[in-house]
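One structure is given here, and the rest of the page talks about it.
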Amino acid sequence: MDRSKQREIASKGGKAAHQKGTAHEWTSEEAREAGRKGGMASHRRKQEQQGGTATTPETGGEMSENTMTSNPEQMIGSDNLP
């Protein structure tokens, strides 16, 4: 399925969920965490494209998949939503 068709279907589903009152509404904490993760992923992709290695903001050390998911409390996914 092409991206525009998929986006159209998702948009209709989101609008329907809001009208029905069952849509997920982000808390400020959820939005902050999602933004942080998106920024880290973007930074990591840019670093990889430039041939460098991404670093963790906390330690300045190299980041790996294990670094990203080693703490279950920091993992965000559909199974953790209320």
Side-chain angles (χ1 to χ4, degrees):
M1 179 180 320
D2 73 3
R3 290 181 148 259
S4 63
K5 184 67 175 175
Q6 186 176 6
R7 184 177 172 106
E8 180 184 338
I9 292 169
S11 176
K12 288 179 182 178
K15 289 176 183 177
H18 276 283
Q19 286 179 344
K20 188 177 173 185
T22 58
H24 175 73
E25 295 187 13
W26 294 80
T27 65
S28 61
E29 173 123 358
E30 288 174 319
R32 184 181 315 112
E33 181 67 13
R36 185 187 71 79
K37 287 181 72 173
M40 289 175 66
S42 174
H43 177 74
R44 185 174 60 245
R45 275 193 312 273
K46 287 179 185 176
Q47 290 292 321
E48 289 171 355
Q49 288 174 352
Q50 294 173 357
T53 57
T55 59
T56 60
E58 296 84 17
T59 64
E62 285 191 33
M63 207 166 22
S64 67
E65 285 301 314
N66 291 337
T67 305
M68 293 294 293
T69 59
S70 61
N71 185 347
E73 293 178 9
Q74 291 180 337
M75 291 173 32
I76 299 292
S78 59
D79 57 330
N80 294 340
L81 296 176

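- The stretch residues 8-25 participates, sequence neighbours left out, in these salt bridge (charged side-chain N to carboxylate O under 4.0 Å, His left out) pairs: Glu8-Lys12.
- For the atom pair CD (Gln47) and CE (Met40), the distance works out to 12.0 Å, reported to the nearest 0.5 Å.
- Scanning for side chain to side chain contact (heavy atoms under 4.5 Å, CB included) contacts around Ala23 gives Ala17, His18, with sequence neighbours left out.
- The side chain to side chain donor-acceptor pair (under 3.5 Å) search around Ser11 returns none, not counting sequence neighbours.
- Comment: Glu33 engages Arg36 in a salt bridge, judged by a side-chain N to carboxylate O separation of less than 4.0 angstrom.
- Residues Glu30 and His24 approach most closely at OE1-NE2, 3.3 Å, considering heavy atoms.
- The structure places CD of Glu29 at 5.5 Å from CZ of Arg32, a figure rounded to the nearest 0.5 Å.
- Nearest approach of Trp26 to Ala34, heavy atoms of both residues: CZ3-CB, 3.9 Å.
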